[in-house]
Structure formats: C-alpha cells, structure tokens
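Just so you know, residue 1 is the first one in the sequence shown, and it goes up from there. Values in this document were obtained by computation on a predicted structure and should not be read as measured data. In each ligand, atom 1 is the first atom listed, and ligand 1 is the first ligand listed.
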Amino acid sequence: DGQLRRWDGPFGEAFSPVLLKSAEGLLPHRLGRFPLLDAAAARSALDAAKKAYGQGRGRWPTMGVSERIAHVADFLARFRACRDEVVRLLMWEVGKSLTDSRKEFDRTAAYIVDTIEALKDLDRDSSRLVIREGVIGQTRRGPLGVVLCMGPFNYPLNETFTTLIPALIMGNTVVFKPPRLGVMLYQPLLKAFRDAFPPGVVNTVCGEGRTVVGPLMASGDIDVLAFIGSSQAADALKKAHPAPHRLRGVLGMGAKNPAIVLADADLELTVRECILGSLSFNGQRCTAIKIIFVQRPLLPAFLEAFGKAVAALHAGMPWEEGVFITPLPEPNKPAYLAELVADAEGLGARVINPGGGEICGSYFAPAVLSPVDSRMRLYHEEQFGPVVPIVPFDDIEEAIRYVVESNFGQQLSLFGSNPQTLSQLIDPLVNQVCRLNLNSQCQRGPDTFPFTGRKGSAEGTLSVSDALRAFSIRTLVAAKDE
Ligand code: G3H
C-alpha cells in the first residue's frame with residue numbers, strides 16, 4: 001500500500017554460486033539477507049493489489065494510457081540508474097558472465113522502451129469508432145485484474161519484466177514474487193517500484209514459494225498467472241487455484257529444443273551455432289538446444305569438431321573476459337547432471353570430450369555424450385545444464401518423429417546446405433514448434449519477435465505487442481446509431 005513497514009519476521013540468506021577460497025576450503029559467499037514473508041504478509045500484498053485495481057476515475061486500471069506510460073517511463077529512468085548495482089548482483093547471484101549480465105540488463109531496458117512504443121500503436125489502433133448495421137461502437141483495451149508475476153532464475157530480469165511491464169502498462173495491478181535465486185538483485189529496484197507507481201500497483205513478496213505463493217493462488221483472487229519457469233511448477237500453481245476456469249495463464253514453461261544436423265551441413269557454422277545454442281550460460285536457457293540429432297555420414301567429423309570446440313571453452317569467474325562456462329547457481333544441479341551422465345553411460349553412451357562431467361565446487365565441466373538413444377533419460381529430460389546429448393540418425397523421419405512425439409514444442413534448429421531439402425523439411429516441422437531456425441541456434445531474441453510454444457512449452461504469446469494483448473481484453477462500448 002505504499003507504506004514502509006519494518007519486517008520483524010525471519011530472513012533468508014542468499015549465497016553466490018561463486019565460491020571463495022578460505023583456510024577451510026571453498027566456501028559459499030554470502031550476498032545478503034531478504035525477508036521471508038509469511039502468508040499473512042503475502043495476503044496484505046494481494047489486498048493492496050486488489051484495492052489498487054478498484055474502480056474509479058483516475059485509478060490505475062482506468063487511467064489514461066499516456067498517464068500510465070508516464071509512470072512506466074519514470075520507472076525506466078530509475079531502473080537505468082540502478083544498472084551497475086543490478087548487473088553486479090546478477091553476475092554474483094546467478095553466476096552469469098559480466099558481458100551477459102550487461103546484455104540482460106540492456107535488453108530489459110530496451111524491452112520497456114519498445115513496450116511503450118507498441119502501446120501507443122495499439123491504442124491508436126484499438127480505440128477506433130466503428131459503425132456497422134446501425135450500431136456505433138468504440139473499442140478499447142482493458143486490463144484483466146490482479147496478476148501474479150513470477151520469473152525464473154536464469155533470466156531473473158528479462159523474463160520477469162517481459163510479463164511484469166506489459167501487465168502493468170495495460171492497467172493490471174501486480175503481485176510480484178522474485179525468483180529465489182535472483183531475489184537480491186531486486187533489492188535496489190524495490191524503491192524504484194515504490195517511487196514510480198501509485199500505492200498497491202506493484203507489490204513485491206519475497207519468501208519461500210510454498211509459504212507465499214501457495215496461499216495467494218489458493219485464495220482464488222489471482223486473475224492472471226504470469227509465470228516463466230518449469231512445467232511442473234506451472235502445473236502445481238494452476239492446480240492450487242480453486243476456480244481454474246477463471247484463471248488466465250501467460251506461461252513460458254519447459255522445452256527440449258532439438259537441433260537436426262543433415263549430412264550436408266556446413267560443419268564450421270553448425271558447430272559454432274550448436275555450441276552457442278547448447279552451452280551459452282551453461283545451457284541454462286529455456287531456449288537452449290538440449291539434444292542434437294546428427295545424420296550418420298557427418299557424425300565422426302561433427303563429434304571431433306564439437307568435442308574440440310567444447311574443450312576450448314573458457315571456464316572461469318563470471319567477471320573474466322571471454323568466460324563461457326561459469327558456476328551453476330542451483331546447488332543440486334551438478335549432482336542431477338552427473339546422474340543423467342551416469343544413466344547414459346550405463347546404457348552405452350560415452351563422454352566424448354576428456355574431463356567432461358567433472359565437478360569442481362559449483363562448476364560442472366560440459367559433457368558431450370554420444371550415441372544417445374531413447375532408452376536414456378537424457379533423451380527425454382530437460383537437463384537445463386551443460387550436458388549435450390548427441391543422437392545419430394540415418395533417416396530424417398527418425399528426427400521428425402522425435403519432434404512430433406515430444407511433450408514440448410518451443411523451437412528447433414535445422415542445419416543443412418541444400419536449400420531445396422531445407423524447404424521441403426519446413427512443412428513437416430514448422431507446425432510442431434513456434435520457431436524454426438535455419439542454420440542458426442535457437443533463441444528468443446530479438447524480443448519483439450513472438451515468443452511462445454506448443455504443447456507443454458507455453459500458454460499465450462510474449463513479444464512486445466503480443467504481450468500487451470495477452471494482458472488485456474478488447475471491450476466495446478456500443479450504442480444504436482440513430
Ligand atoms: O530462458 C529463456 C530466455 O528467454 C532465452 O532468451 O534465447 O534470447 O537467450 P535467449
């Protein structure tokens with residue numbers, strides 16, 4: 001409600017995945033403390049959001065578009081002023097390289113600018129007078145209500161803001177739960193939220209998901225769930241809502257994006273794109289290439305070149321120049337990845353790059369496994385880490401079958417040098433995913449492009465203009481034209 005209150009309850013501690021050397025060995029570096037709100041505090045955040053959504057002239061949902069834009073622009077200026085601090089926290093808290101942390105910050109700021117511009121266009125387009133068959137009407141876009149907004153640890157800024165900003169600018173009010181790994185980098189932004197928006201419009205709840213988010217969903221007072229994260233977490237959140245038919249979802253969930261490499265693919269280009277696709281930010285991108293199908297005649301050359309390229313990747317501290325492999329922020333991730341590797345090895349695959357899969361503190365040396373097949377967990381599970389399964393194939397139908405039968409449908413990459421073969425493959429593949437990348441890695445950007453998925457990968461479409469539509473509804477004020 002815009003009032004500052006002291007939190008007298010418990011605090012959680014945030015640690016960096018960057019370990020520090022000490023006499024006792026490698027120790028986690030403590031970044032700070034954050035309030036562990038309880039269910040009652042989360043409820044008061046929800047009440048504030050509901051109150052701010054209340055009707056009345058000049059209130060947030062009915063405020064003129066230009067006024068809401070002014071609030072968002074004010075927030076943007078405050079956000080930009082926090083760049084250095086937020087970038088540093090992003091790097092320390094989730095282990096993202098300095099270069100990528102800066103990119104994430106700048107891309108987020110650009111997204112806010114693009115959203116403001118897109119809203120001006122949408123508003124011009126939406127609020128037209130229409131006269132048809134004796135009825136005169138004016139359409140306008142209105143908000144949907146209270147949005148619960150949650151983003152993931154891997155892009156704690158960008159992925160959160162690509163739902164938070166469109167939700168706000170369309171007149172919704174928001175309860176926002178920062179990711180558990182990424183909560184510290186929001187601390188400098190809390191003041192910016194408070195100063196830029198009217199009371200109750202953005203309400204941040206820090207704490208354990210099951211303590212704060214469970215009761216919010218169970219209350220039935222959340223109108224829209226804006227969630228980017230795992231499919232399992234999205235399902236659990238949706239199930240907690242007592243009236244699922246009233247809940248709208250704007251969801252970005254899991255993916256197991258395949259790359260399909262045809263025998264005539266340009267080896268150098270394919271290896272370069274597959275490295276970026278599968279191992280950027282240690283493979284912790286929902287858009288990462290998570291399995292590579294290679295047509296058998298090219299397999300030996302591909303394995304050799306790919307293995308060499310992986311061996312040349314620089315592992316180091318996130319702030320080092322040219323670093324590619326950095327520590328993993330999820331404490332249980334190295335053990336989980338080791339399990340996947342052991343499972344595949346037990347069924348006949350081998351790690352083709354020497355040292356692949358070795359664990360040192362929070363580092364996991366990238367492991368490339370071949371030949372992987374459908375008996376192995378790596379064939380099915382979304383590893384979300386630096387392990388790359390390679391599946392040899394003879395007939396393209398084998399790779400197509402994987403795409404068709406997958407529970408996910410976000411993106412795929414197709415590599416080959418014969419334009420005719422590529423164009424013949426577009427038809428059977430394009431309706432299985434939402435982005436087909438020809439001779440290039442899978443990726444979300446540019447953020448103005450539509451970003452969504454089929455099957456278990458997404459609900460609703462995010463991009464600048466699609467997101468404005470996803471967080472609003474078109475209504476009509478109509479009268480007889482007499
Ligand atoms: O984790 C999902 C991110 O939106 C990925 O974005 O593909 O542009 O790195 P990106």
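Within a 6.0 Å radius of CZ in R210, no more than 12 heavy atoms belonging to other residues, nucleotides or ligands are found.
Remark: the D447 side chain and the S463 side chain contain no N/O donor-acceptor pair separated by less than 3.5 Å.
For the side-chain hydrogen bond (donor to acceptor under 3.5 Å, both in side chains) test, residues two or more places apart in sequence or in another chain that qualify with E13 are R30. Among residues two or more places apart in sequence or in another chain, the side-chain hydrogen bond (donor to acceptor under 3.5 Å, both in side chains) test is passed with H380 by none.
Nearest approach of V464 to Y111, heavy atoms of both residues: CG2-CE1, 3.7 Å.
Applying the ring-ring contact (aromatic ring centres under 6.0 Å, His included) test to pairs two or more places apart or on separate chains, none has a residue in residues 440-471.
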Do any nitrogen or oxygen atoms of ligand 1 lie under 3.5 Å from a protein nitrogen or oxygen, and which ones?
residue  : atom  : partner : partner atom : Å
ligand 1 : 1 (O) : N154    : ND2          : 3.0
ligand 1 : 1 (O) : C286    : N            : 2.7
ligand 1 : 4 (O) : E159    : OE2          : 2.2
ligand 1 : 6 (O) : R107    : NH2          : 3.4
ligand 1 : 7 (O) : R285    : NH2          : 3.0
ligand 1 : 7 (O) : T287    : OG1          : 2.6
ligand 1 : 7 (O) : R444    : N            : 2.7
ligand 1 : 8 (O) : R107    : NH1          : 3.2
ligand 1 : 8 (O) : R107    : NH2          : 2.8
ligand 1 : 8 (O) : R444    : N            : 3.4
ligand 1 : 8 (O) : G445    : N            : 3.4
ligand 1 : 9 (O) : Y155    : OH           : 2.5
ligand 1 : 9 (O) : R285    : NE           : 3.0
ligand 1 : 9 (O) : R285    : NH2          : 3.4

